[in-house]
Amino acid sequence: MTDPSDEVVPRPSAANGDVEVVGVSKRFGGVPALSNVTLTIRRGEVHALVGENGAGKSTLGKIISGVYSPDGGEVRVGGESVTFRSPRDAMDRGIVTIAQELAIVPYLNVMENVFLGAEPKKLGFVRRRVMRQRYEELSDRVGFHLPATQMAGTLTTADQQKLEIMRALSRDASTIIMDEPSAALSMHEVYALHGVIRSLAASGTTVILISHFLSEVLDLAGTVSILRDGRLVRNAIAAEETESSLIESMLGRSLGQAFPDKRLSATDAPVILEVDDLVAPGVRGASLSVRAGEIVGIAGLVGSGRSEFAHALYGATRVTGGRISVGGVDVTHHRPHQSLREGIAMIPESRKDQGLLMGRPISENVSLARLGALSHFGIMSPGSERSRVADALEQVRVKMASVRTPVSSLSGGNQQKVLFARTALCEPRVLIADEPTRGVDVGSKRTIYDVLVEQAAAGLAIIVISSELEEVLGLAHRVVVMRDGHFVAELSGEEMTQHAVLEAAFGESATTAS
Amino acid sequence: MTEASGIALEPVDGSASHFTWRRFGGLWRTAGILIPFLIFFITLAIANGQFLTRQNLVVNILYLQTPVLIIAAAGTLVLIAGGLDLSVAATFVLAEDIAAQLALHTNPVVAIVVAIACGALVGLVNGMVVAYLRINALIATLAMAFVVSGIAEVATNNTFYSLFDKPSLGKFATTNFLGAQSAIWITLVVVVLLGMALWRTTFGRYVFAAGGNAEAARLAGVRVSRVRIATFVLSGAAAALAGVISLAQTLTTTPYSNESSLAFTVLAGIVVGGTSIMGGDGSVTRTVIGVLFIALIQNGFDLLQFNSFLIPLVTGVILIMAVSIDVWLRQRRR
Ligand SMILES: Nc1ncnc2c1ncn2[C@@H]1O[C@H](COP(=O)(O)OP(=O)(O)OP(=O)(O)O)[C@@H](O)[C@H]1O
Ligand SMILES: [Mg+2]
């Protein structure tokens with residue numbers, strides 16, 4: 001562990017491309033998001049920022065990249081104080097961000113998105129051939145191969161993320177800020193990304209990495225800065241840290257176990273959810289039954305049909321075959337509002353596209369699925385709404401200024417928790433959680449896990465879909481593995497190992513059933 | 001429980017200052033249109049002695065704007081839900097014609113009810129075309145404007161009606177009550193009801209949700225198509241009500257060609273009020289201010305006896321200025 005003071009002293013070497021943050025503060029409407037943060041990011045280093053949801057990581061990244069201007073303090077690049085008025089200014093100084101909430105133009109193709117605003121031009125006309133060539137070169141360098149002419153809006157989240165990384169690299173950035181880049185990626189995509197980050201650093205590009213995956217941080221970063229409540233707790237050399245030492249600084253306490261104890265569900269508990277040979281878009285005959293109190297994990301690669309299964313269950317896509325019943329009631333052809341009435345709730349995979357009304361207040365986002373119970377004859381009862389919403393938010397510990405602020409002003413992880421609060425309000429019998437902890441910090445993950453386990457104990461049937469294998473294994477009583485729209489394996493007890501799940505997911509071994 | 005939630009909701013350190021800021025922030029949004037409105041209002045009051053008279057404020061401005069206010073209030077809901085209704089002018093004229101014929105042959109109550117029902121029906125068709133055939137609202141309602149004005153023409157044989165022989169329908173708009181005409185009271189009720197619907201009802205929440213993020217709304221159990229259709233029905237009914245009021249005010253019907261710009265006047269009022277053309281944001285109150293703001297411009301020209309040919313030009317310039325201020329204020333907030 002290092003003494004923070006020798007990290008924060010501005011280095012005399014002015015021209016070497018270090019990015020220095022000196023005494024930076026930022027408030028949003030009187031609430032401090034950053035207070036007097038000072039740190040130095042050395043050229044060519046992977047510098048990680050860690051901290052709880054709302055600690056100010058993204059805000060710091062946005063200040064460095066010119067999205068926000070600091071209320072106090074300054075940013076120096078190569079010893080020279082800079083004032084960025086826009087991300088464009090920062091880009092001109094070689095600083096590029098890959099945002100937590102992705103920013104692509106859905107109706108332009110991949111290549112056009114990559115070169116957006118920096119198209120090779122001659123006399124005002126875009127030189128498509130040159131662009132194409134540069135795109136191919138870039139693809140080879142990065143190792144991502146996205147179809148150049150595919151409409152960006154049709155890409156999966158992971159591919160959109162890759163697109164953003166390619167865009168940053170195409171700008172010859174000297175500093176790339178990555179805000180939770182791996183949150184939406186599948187396992188092997190994460191490996192690819194790690195490779196890219198390493199080679200970037202090796203070639204002298206600075207990477208500022210914001211991540212909740214501490215193992216990733218320890219793996220990649222040279223220096224780690226830990227933020228808590230907008231303050232810098234300390235700077236540390238990654239090699240001298242462990243996950244738990246980081247967690248302690250992040251939370252101000254130690255976490256204990258990552259997962260709550262599994263409470264075994266009674267084997268004679270009634271089956272609540274019964275899915276029989278379900279056929280729907282992306283799902284080709286899947287059967288599953290879940291008892292009250294049981295947490296079933298669904299593992300599988302990205303694109304294996306897990307989210308499609310969830311959507312079909314919830315009635316968000318048309319079921320073309322098979323049968324779904326909840327507590328004996330046939331819900332096969334229900335639509336979402338009917339599913340909610342029968343007690344099925346779903347937390348969708350993408351909070352931005354499928355979950356939240358970004359411009360609306362937090363409270364409205366929480367209550368949206370349960371307005372019937374919070375109103376009389378269609379007229380809202382503000383009192384009961386306020387108290388029910390406050391209870392639900394408190395259950396999942398959302399950090400915010402006021403329930404009336406737009407949900408877009410929350411940090412990413414807190415936005416995720418708002419979705420949890422929404423389902424909590426619905427009092428469902430079946431809860432489908434698709435990537436429930438995407439972008440959530442370690443401490444709050446534990447809170448969400450506790451909520452899930454408590455809800456299971458209260459008799460809910462819970463389905464957890466996650467790309468984080470540890471999460472599925474740590475939470476679920478039973479894991480089913482999906483591949484190509486089928487369940488190819490069901491594992492429980494001792495069989496639930498990473499190895500077994502991966503084998504089934506990739507379909508390389510005799511473990512594959514069905 | 002209460003104590004803990006208090007902590008979760010309001011950080012102890014800055015809650016007081018934060019809340020004043022929040023209110024301030026909310027005020028700023030309204031201020032975007034209210035400030036230019038007030039500046040204009042005060043300027044006119046100083047520049048011309050007739051401006052602040054009852055005749056001018058209540059009759060020349062409010063009374064004559066009642067049809068536009070009603071249509072714009074309902075149109076605000078359509079826009080927030082992510083739609084757009086360009087067929088209101090045609091519906092307005094259709095309602096006038098229907099009400100006029102029925103008033104001549106039956107009684108005024110039947111005329112009013114049937115005309116409004118026809119407007120709602122037009123809205124229903126609009127909504128279904130937009131929601132189920134998934135045709136862009138701009139195109140669907142533009143086409144509907146042709147269809148409806150065509151129907152009106154055929155049904156009336158291209159003649160205009162006057163009710164001077166049977167003027168009882170006129171009472172619907174002109175009856176004096178507590179110092180204002182019934183048209184103003186009706187408008188007040190409609191505007192307040194729509195404003196309350198948006199602000200205080202589940203329907204209002206669904207309207208915001210449908211326009212803010214349709215997919216998220218759907219997955220949260222909102223029946224987005226129904227909500228959108230409902231807003232179109234309200235818009236159609238409002239346009240018809242406006243037509244009936246206009247008929248009652250003048251006792252004559254107007255040709256569609258004279259009213260075809262009504263849809264744009266309405267839209268201008270809504271947008272000047274800061275309702276997002278992209279959906280998901282807006283308010284009826286601000287629409288009312290927006291509509292009255294545009295009315296003030298015209299009123300100013302009349303009072304100051306400027307060349308009325310300049311009205312469209314000046315209206316356009318002021319529109320752009322008002323909207324720029326709104327955009328600027330919105331960006332400032334970050
Ligand atoms: N535009 C904004 N308006 C108001 N408050 C904001 C805004 N952006 C951020 N905040 C607040 O500033 C604080 C820091 O947010 P920030 O997004 O930097 O957190 P973070 O560390 O990136 O969290 P996460 O891990 O959840 O992404 C939060 O309390 C957040 O609510
Ligand atoms: Mg963040």
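The model shown is predicted, which means the values in this text are computed figures rather than measured ones. Below, chains carry the letters A, B, ... as their sequence lines are ordered, and counting in each starts from 1. Scope of the values below: all heavy atoms of this structure, side chains included, with no hydrogens, waters or symmetry mates.
- Remark: Arg231(A) CZ is loosely packed, at most 12 non-hydrogen atoms of other residues, nucleotides or ligands lying under 6.0 Å away.
- In this structure, Asn213(B) contributes its side chain and Leu357(A) its backbone to no donor-acceptor pair below 3.5 Å.
- Of the two parts of Tyr314(A), only the side chain, counted from C-beta on, holds a non-hydrogen atom closer than 4.5 Å to a non-hydrogen atom of chain B.
- Under a cut-off of 6.0 angstrom, the local environment of CZ in Arg226(B) is sparse, with at most 12 non-hydrogen atoms contributed by other residues, nucleotides or ligands.
- Atom CZ of residue Arg223(B) and atom CZ of residue Arg335(A) lie 8.0 Å apart, to the nearest 0.5 angstrom.
- Contacts of Leu340(A) with chain B are made by side-chain atoms alone, with heavy-atom separations under 4.5 Å and no backbone atom involved.
- Note that CG of Leu219(B) is 12.0 Å distant from CD1 of Ile347(A), once rounded to the nearest 0.5 Å.
- Within the 4.5 angstrom heavy-atom criterion, no atom of His376(A) approaches chain B.
- With respect to the salt-bridge test (charged N to carboxylate O, under 4.0 angstrom), the residues Lys352(A) and Glu215(B) do not qualify.
- Looking at Gln395(A), neither its backbone nor its side chain comes within 4.5 Å of chain B, counting heavy atoms on both sides.
- Closest heavy-atom contact between Tyr206(B) and Leu368(A): CE2-O, 4.1 Å.
- Note that CE of Met196(B) and CE of Met380(A) are 13.0 Å apart. Values are rounded to the nearest 0.5 Å.
- Residue contact with chain B, scored on non-hydrogen atoms closer than 4.5 Å, involves the side chain of Ser367(A) exclusively.
- In this structure the side chain of Arg205(B) reaches within 4.5 angstrom of the side chain of Glu385(A), judged on heavy atoms.
- Both the backbone and the side chain of Arg200(B) come within less than 4.5 Å of a heavy atom in chain A.
- Residue Arg422(A) touches chain B through its side chain alone, counting heavy-atom pairs closer than 4.5 Å.
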